[in-house]
Amino acid sequence: MESSSGPRSKLLFNPYIAALPPYNAGMNIAVARTLSGRDDIARLASNENPDGCSPNVMKALASPSFEPWRYADPACTALRAALGEKVAVDPGLIVAGNGSEEMIAAISRAVLSPGARVVTTVPSFGLHEIEPLAVGAEVIKIPMTAEMGFDLGALETAIAAVPRIVFLSSPWNPVGPGLDHAALQLLIAAVRPGTLFVLDEAYFEFSDPGAPDGIEILRDSGIDYVVLRTFSKAYGLAGLRVGYALCSSPELAGVIGAAKTPFNVNGAAQIAAIAALADDDWMKASANRVRTERERVAAALAALGFQVAPSQTNFLFFGCNGDSARLAASLLGQGIIVKAWRESGYEHYLRVTIGSPADNDRLIAALQELAGQ
Ligand SMILES: *Cc1c(COP(=O)(O)O)cnc(C)c1O
């Protein structure tokens, strides 16, 4: 395939990259101010932490141990040691990334080749599709059920057909539910040799007590797996870009490490992540506040007649009986940014992040007003 960047250009592009669907990123605050003519923007589209981050992080970044003029440790030795201790694994199984997003890209580069098959869900986290497509893989997407849950039977069948990779987020972005113990065990049991099972636990910390911990459950599974976790959500470090891949073997960690860029995690991010980990109490208190608000907002949306998916995350996904882009535009007029889902067949769904109580109140009041209540 030939593509050109202008009438006389002879440039050839990588056809897989040139054909990629766009990543549906949340609108930034400056753009929202311009479009809405308002200053007080409630940004409820990117699943950021309304509480900010631990004060430990700001202290660490102001300390002399942060030396911006130096290349940071490419192996993230201190961070991986701290993580290894926290989740009780050998740091040799951990690869730190420039966000867990980078690990999704590195896993795809490390494991896939053109024509390889990947299984994920729809609606999906954009990068679980985009990164495999970028290396020429074919992506099979298993739709959610009418009850807005995982279709376990269809997933089990698709996994047993030995795709090269399974990308599942649990708790599930954008829908919200998490796989329970039995469901996770069922899907793990369907994995055959030759398949890498990637469990993306970006929202793990927002799960209710008693929810399965993928790291513990996969440890003795005997399959090839990666668990992805991030500092972007519950720890509140989205802007610094740091996450990690916990791998089933040192060989797998080695090849994923080889597929990342060498100085991928910057010095500020490494220091901040270590400081955030040392203050788990802050994270847990924040996740508790989010859970409480999540239940309050879910009840208010249900009272307005929306079909709201059960959520173990810091967001809610609901059907809005019409094009969600129109509802999102109306909310933007009131200074509220939400995410209208754009995947084919899911254009009447909206995803809203749980924000501060005041921002959540604004969202609820705006929706009530639009509903004429
Ligand atoms: C937010 C999110 C990520 C994390 O991305 P970072 O690159 O770590 O900021 C990964 N997976 C899912 C499913 C997410 O929603």
Side-chain angles (χ1 to χ4, degrees), residues 23-26 28 43-50 53 57 76 79 83 94-108 118-132 134 139 141-142 144 150 165-179 197-207 214-215 226-246 256 259-261 264-266 268-270 272-273 276-277 283 287 290 294 309 311-317 338-339 341-343 349 351-355:
Y23 179 72
N24 180 14
N28 78 46
R43 178 160 138 126
L44 303 179
S46 299
N47 301 344
E48 293 153 347
N49 193 324
C53 64
V57 168
C76 294
L79 172 57
L83 284 169
I94 296 173
V95 186
N98 185 258
S100 53
E101 278 177 16
E102 189 205 13
M103 294 292 97
I104 297 168
I107 291 164
S108 298
V118 168
V119 167
T120 189
T121 52
V122 60
S124 61
F125 177 57
L127 298 174
H128 291 167
E129 180 179 18
I130 289 173
E131 297 300 349
V139 180
K141 302 203 281 185
I142 306 298
M144 72 177 187
F150 291 96
I165 300 181
V166 178
F167 277 113
L168 285 182
S169 58
S170 177
W172 182 2
N173 183 9
V175 184
L179 293 163
F197 186 76
V198 180
L199 187 65
D200 185 339
E201 292 191 324
Y203 301 93
F204 172 73
E205 296 85 356
F206 299 109
S207 305
I215 294 178
V226 174
V227 176
L228 296 174
R229 298 251 177 114
T230 181
F231 286 90
S232 295
K233 308 285 162 56
Y235 288 99
L237 303 184
L240 283 172
R241 317 300 308 124
V242 54
Y244 60 99
L246 196 153
I256 292 170
K260 71 176 186 64
T261 58
N264 58 333
V265 184
N266 69 68
Q270 292 189 35
L277 266 187
M283 182 278 287
V290 167
R294 176 178 80 203
S311 176
Q312 293 284 294
T313 66
N314 66 342
F315 57 80
L316 293 166
F317 192 68
V338 298
K339 193 175 262 197
W341 215 255
R342 294 294 85 195
E343 274 175 296
Y349 288 98
R351 195 194 68 192
V352 298
T353 303
I354 301 304

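Counting convention: from 1, in listed order, for ligands and their atoms alike. Numbers here are sequence positions counted from 1.
Between Glu101 and Arg241 a salt bridge is recorded (basic side-chain N to carboxylate O distance below 4.0 Å).
Not a single heavy atom of Gly243 sits closer than 4.0 Å to an atom of ligand 1. Contact annotation: Tyr203 has at least one heavy atom less than 4.0 Å from an atom of ligand 1. The shortest heavy-atom distance from Arg241 to ligand 1 is under 4.0 Å. At least one heavy atom of Asp200 lies less than 4.0 angstrom from ligand 1.
Residue Phe231 is tested with Val57, Leu277, Leu240 for a side-chain contact (heavy atoms from CB on, under 4.5 Å); the sole match is Leu277.
If you check which protein heavy atom lies closest to atom 8 (O) of ligand 1, you get Thr230 OG1, 2.5 Å. Protein heavy atom at the shortest distance from atom 10 (C) of ligand 1 is Ser100 OG, 3.3 Å. Given atom 14 (C) of ligand 1, the protein heavy atom at minimum distance is Lys233 NZ, 3.2 Å.
Atoms of ligand 1 lying under 4.0 Å from at least one heavy atom of Ala202, given by number and element, are 2 (C), 3 (C), 10 (C), 11 (N), 12 (C), 14 (C). Heavy-atom contacts of Gly99 reach the following atoms of ligand 1: 6 (P), 7 (O), 8 (O) (cutoff under 4.0 Å). Of all the atoms in ligand 1, the ones that sit under 4.0 Å from a non-hydrogen atom of Asn173 are 13 (C), 14 (C), 15 (O).
Note: Trp341 and Phe317 have perpendicular aromatic rings, judged against thresholds of 30 and 60 degrees for the angle between ring planes.
Contacts with ligand 1 closer than 4.0 Å are made by side-chain heavy atoms of Ser232 only, the backbone lying farther away.
Judged by distance alone, with hydrogens and angles left aside, the side-chain atoms of Gln270 form a donor-acceptor pair with the main-chain N or O of Val265 at under 3.5 Å. Formation of a donor-acceptor pair under 3.5 Å by the Thr120 side chain with backbone atoms of His128 is not found in this model. Side-chain atoms of Trp172 come within 3.5 Å of backbone atoms of Pro123 as a donor-acceptor pair (strictly under, hydrogens ignored).
When only modelled atom types and interatomic distance are considered, Thr353 and Glu48 share no side-chain donor-acceptor pair under 3.5 Å.
Seen from the ring of Tyr244, Lys260 does not count as a face-on cation partner, given the 6.0 Å and 45° thresholds.
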